[in-house]
Number of protein chains: 2
Amino acid sequence: MAETDTKTPRERYRTQVRAEIKEHAWEQIATTGASALSLNAIAKQMGMSGPALYRYYDGRDALITELIRDAYRSLADTLRSASAAGADLAVLAHTLRAWALEDPQRYLLIYGTPVPGYHAPDEITLISSETMAMLLDACMALPSDSPVTPFDAHLADHRDWADGHPAPPAVLHGALRFWTRLHGVLSLELAGHFTGMGFDPALLFAAELDDLLAH
Amino acid sequence: MAETDTKTPRERYRTQVRAEIKEHAWEQIATTGASALSLNAIAKQMGMSGPALYRYYDGRDALITELIRDAYRSLADTLRSASAAGADLAVLAHTLRAWALEDPQRYLLIYGTPVPGYHAPDEITLISSETMAMLLDACMALPSDSPVTPFDAHLADHRDWADGHPAPPAVLHGALRFWTRLHGVLSLELAGHFTGMGFDPALLFAAELDDLLAH
DNA sequence: ATGCTTACGTTAGAGGTTATAACTAAACCA
DNA sequence: TGGTTTAGTTATAACCTCTAACGTAAGCAT
């Protein structure tokens, strides 16, 4: 007697179909990329005709919005559970990389080139700030013996994005360094810019992580 | 006078129309992004009907390929002329940033999320390796007092991408650091992930650059 | 159990896209 | 001036998103 019993049969069917649509959407995104997502093709795969999907999603943008939201949530959940298991910054970084490699297009959907016509609703900014908060938490453990840089001073006055987090400017800077450097390596790897270069991207990622932790 | 006289009138007209098509394509890409590029819309803007464009480009992919090639070439030219003018790594980095901000979609066309079905022709790999060579040249001036890392050792055995460049492993590593870190900040900025966060992306870029040069 | 209501899925269609085929017209060139 | 080449045209096929109108069937209440 799960809580699904509290819902009406129609509601259960509805959420089930919505889930199945998203499943096909992810499958399609993983192969053809996000900007080539086709509602029509999904409908055909599910054995029903195009316009039927509009009962479940207002349109292509609504579906993409939900996929982005799910991607953010999946990343937040993954990082949070790792963090709850006592992961430090290094483990967290490798958790991020594993999550990204598990489904490259899912990472690129969030952090890659934005989908042309698409505009993120406010709700998504909220979820992404949750991830940011976890990053800030983890960065509190960073060594803080480095001198105060001009950018640190700037951050002291521009810390709205920390959303009340008590991290000092040096930690804010550290979090941004963490984010941008790992993203730099990851995004180029996922976009295929390292293929054919011969070296192992995992080692470059590890090297950047070492630099970050030794700072 | 110019070499255009050696060409027949038809050839001159042809290259002129091809150039005009690309002009409209860039204009359209700058506003709507690359994956939303519409041959039809370009034709309409030029006052002719859709299929006419297929006289000049084999299709959408062919046009995008040429745009990517031009973008690579524009970046290489910009960096080369800066380098020829005696620019050091710091100036080169800011040249890169200025080039990217001048037309964000042009940067993202090269280094952003790749178009799913698209495969870069060999010619493009050549131009991009030219840029890489310039980066390596510039990185030769990097201080090399840092200890040899495990990744440096790995690079000593996997340096095919340097394509005969005499840079030692530490410089190869430095070049990769340069590339990935600047791209990390730049791509997130261009994709709009810093908007609403309040801090100045230019200062973060400068801070990363300082870290790189002080290494 | 039977009727009412609601929601599902269908077809039809408007307007967009890429791309091909067939045809006209004009420009070039010998 | 006549023949060849090429530009641009329409028509068409096959996709796409999305709206509208319509039957049908499932759920719910009386």
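Here is how names work: the chains are called A, B, and so on, in the same order as the sequence lines, proteins then strands, and each is numbered from 1.
Base engagement by A/Arg55 is indicated by at least one non-hydrogen atom pair under 4.0 Å involving a base atom. Within 4.0 Å (heavy atoms only), A/Ile42 reaches no atom of the nucleic acid at all. Residue contacts shown for A/Leu53 are absent, as no nucleic acid heavy atom lies under 4.0 Å away.
Side-chain rings of A/Tyr111 and B/His193 approach one another, their centers coming within less than 6.0 Å.
Of the options B/His94, B/Arg181, B/Arg97, a side chain to side chain contact (heavy atoms under 4.5 Å, CB included) to B/Leu209 is made by B/His94 and by none of the others.
To the nearest angstrom, P of C/dA19 lies 7 Å from CG of B/Asp61. In this structure, OH of A/Tyr57 is placed 13 Å from P of C/dC8, rounded to the nearest angstrom. Computed from coordinates, the B/Leu63 CG to C/dT17 C1' distance equals 15 Å when rounded to whole Å. One interatomic measurement links the two molecules: CD of B/Gln28 to C1' of C/dT17, which rounds to 12 Å at whole-angstrom precision. In this structure, A/Arg12 atom CZ and C/dC8 atom P are separated by 14 Å, rounded to whole Å. For B/Arg18 and D/dA7, the CZ to P distance is 11 Å, given to the nearest whole Å. A/Gln16 has its CD atom 13 Å from the P atom of C/dC8, to the nearest Å.
Here B/Tyr56 reaches the OP1 or OP2 of D/dG8: one of its side-chain N or O atoms lies under 4.0 Å away. Remark: A/Tyr13 is in phosphate contact with C/dG9, judged by side-chain N or O atoms under 4.0 Å from OP1 or OP2. Residue A/Asn40 places none of its side-chain N or O atoms closer than 4.0 Å to OP1 or OP2 of D/dC15.
Counting only heavy atoms from C-beta on, A/Arg60 has its side chain closest to D/dT17 among C/dT10, D/dG8, D/dT17. When distances are taken from the side chain of B/Tyr54 to each of C/dT11, C/dG9, C/dT18, the shortest belongs to C/dT18. Here the side chain of A/Pro51 is nearest to one of C/dA12, C/dT20, D/dT17, namely C/dA12. The listed nucleotides are C/dC8, C/dA19, C/dT11; the one nearest the side chain of A/Ser49 is C/dT11. Distance from the side chain of A/Lys44 is smallest for D/dC16 among the nucleotides C/dT20, D/dC16, D/dC18.
Atom CD1 of B/Ile29 is separated from atom CD1 of B/Ile64 by 6.5 Å, given to the nearest 0.5 angstrom.
For a distance-only test at 3.5 Å, the side chain of A/Arg10 fails to qualify as a donor-acceptor partner of the base of D/dG27.
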Trace of the salt bridge (charged side-chain N to carboxylate O under 4.0 Å, His left out) decision for A/Asp70 with A/Arg73:
CA-CA 5 Å; A/Asp70 285 4; A/Arg73 189 172 297 282; 5.5 Å; no
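Each of B/Ser38 and A/Gly47 has a nearest nucleotide on DNA chain C; the 5'-most of these lies closest to A/Gly47.
A/His183 and A/Tyr107 have parallel rings, their planes meeting at less than 30° on a 0 to 90° scale where 60° marks the start of perpendicular.
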